[in-house]
Amino acid sequence: MKGISDDERLSVKESWDKIVRWATRRRAYLSTKEDVLASTKKVAIMGGGSFGTAMGTLLARNKRDLDVVILVRSDADARSINETHRNAKYLPQYELPPSVRATTDPAEALSGCDFIVHAVPVQSSKAFLRGVKDHVDPKTPLLCLAKGLGASYHLTLVPMMTEVIPAGLGRDQPLAVLSGPTFAVELMQGLPTAIVAASTDKNLAGRVQRLFASTHLRVNTSNDVVGVELSGALKNVLAIAAGMIEGLELGNNALAAVVAQGCAEIRWLATKMGAKPETLSGLSGTGDIMLTRNRTVGVRLGKGETLEEILGSMTQVAEGVATAPAVMKLARKYKVSLPVLTAVARILEDGLDPRVAVEEVMNLPQVPEA
Ligand SMILES: NC(=O)C1=CN([C@@H]2O[C@H](COP(=O)(O)OP(=O)(O)OC[C@H]3O[C@@H](n4cnc5c(N)ncnc54)[C@H](O)[C@@H]3O)[C@@H](O)[C@H]2O)C=CC1
Ligand SMILES: O=C(CO)COP(=O)(O)O
């Protein structure tokens, strides 16, 4: 390589060798831990949309004879998966591994499973869980994939998924939250991806890591459940703002400024709520900002479509729409000012014209960066 001295080349090689030595030691240590994949026989996936289908597929790819059962809502959906090995509604272009099956019967899906993966949209989660709770073993870990804040009529109450789940089940359940930049379609393609598994139970976070990890998926662990949950939920609101800038054709400078401001607002709120700052710049936070269908909602709003038109034409959930007003309640409760996220909520809730919102934000008093 030109422009690099022998000493520099040697030092780069030493750095890499150090990483390789660390990896060898780490693998040796991990081999002394429980082989979670070997001891896992059955995993139930609640929700047969894009993400439930993709994560179930990853597990089935990790272990060929793992029984992966997706709990779906209609017989037609179950038949399509069982008979054609494709999910006709979501990601139909991909063939599913033979060990992935589907049922509409919660007893069949949930009985005897080692893990339950929750991939039902946030706003439907509580009612859904109430309906299946008698089939959920209180000891089986539930791994939450849904990203968003629950809506409630209460003035200050904003349920996070780690509250929605026990409320739906009517009891506490071993719980981990998975979040990060993980587009379902790219998981199906086997593209390299990283996610974070957060739990207050360190052992459970480690088990989830060993269950999902593969050469295609890196799984970090964390005990900052609040940080992982909040950043995963709030980035969907910021993504709507970023999409609007795009739809309004305001250029890359404006887009970058909105993303930077929105990240700061997420940090202000989340750290007040107990999140660790490093989580917010990690996979579930900064890592996941631009990777979202919620952005499309913003683009279309920016181009002048109404929210009703947009939601009416979408077949998939855009969690940021319901999360935006919930964030406003948190902002009031924790006394933080969030101009960009508030503008998104006003556009969604009050029909404020996105151009007017941009003007209002631009006309706010000039401030120091920190
Ligand atoms: N698709 C993706 O790439 C990713 C999605 N997520 C999150 O995963 C969650 C699920 O998203 P997707 O699978 O993409 O959604 P989706 O819109 O593709 O599918 C939603 C699924 O939930 C089911 N569902 C809807 N309402 C229900 C109800 N009341 N009871 C039972 N089932 C119901 C639908 O039938 C469908 O199977 C969301 O919170 C999303 O933010 C997170 C990371 C990536
Ligand atoms: O969270 C996601 C990718 O990590 C997907 O977000 P959307 O639901 O907005 O597509």
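Because the structure is predicted, anything quoted here is derived from the model rather than measured. First listed ligand is number 1; within each ligand, the first listed atom is number 1.
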**OP:** Compute the minimum heavy-atom distance from Lys235 to ligand 2 and say whether it is under 4.0 Å.
**Re:** yes

Original post:
Between Arg73, Met55, Met188, Lys235, which one has a non-hydrogen atom sitting closest to atom 28 (C) of ligand 1?
Top reply: Arg73

**OP:** Can you sort out which atoms of ligand 1 are near Ala119, meaning under 4.0 Å from one of its heavy atoms?
**Re:** 10 (C)

Original post:
Does ligand 2 have an atom under 4.0 Å from some heavy atom of Pro181?
Top reply: yes

Subject >> Backbone of Ala197 reached by a side-chain donor or acceptor of Thr221 within 3.5 Å >> reply: no

Original post:
Considering only protein heavy atoms, which is closest to atom 44 (C) of ligand 1, and at what distance to one decimal place?
Top reply: Thr182 O, 3.2 Å

**OP:** Report yes or no: do Ser284 and Ser231 form a side-chain donor-acceptor pair below 3.5 Å?
**Re:** yes

Original post:
Backbone or side chain, does any N or O of Glu319 fall under 3.5 Å from an N or O of ligand 1?
Top reply: yes

Original post:
Is there side-chain contact between Leu175 and Val225, with at least one heavy-atom pair below 4.5 Å?
Top reply: no

Original post:
Of all the non-hydrogen atoms in the protein, which one sits nearest to atom 3 (O) of ligand 1, and at what distance?
Top reply: Ala184 N, 2.8 Å

Subject >> Contact check, Glu319 vs ligand 2, heavy-atom distance below 4.0 Å >> reply: no

**OP:** Could you tell me whether the side chain of Arg267 and the main chain of Leu280 form a donor-acceptor pair under 3.5 Å?
**Re:** no

Original post:
Between Val122 and ligand 1, is there a nitrogen or oxygen pair with a distance under 3.5 Å?
Top reply: no

**OP:** Could you see which bit of Phe51 sits under 4.0 Å from ligand 1, with heavy atoms only: side chain, backbone, both or neither?
**Re:** both

Original post:
Counting heavy atoms only, which of Gln316, Arg293, Met46 is nearest atom 1 (N) of ligand 1?
Top reply: Arg293

Subject >> Per-atom contacts, ligand 2 versus Phe183 - under 4.0 Å to a heavy atom >> reply: 5 (C), 10 (O)

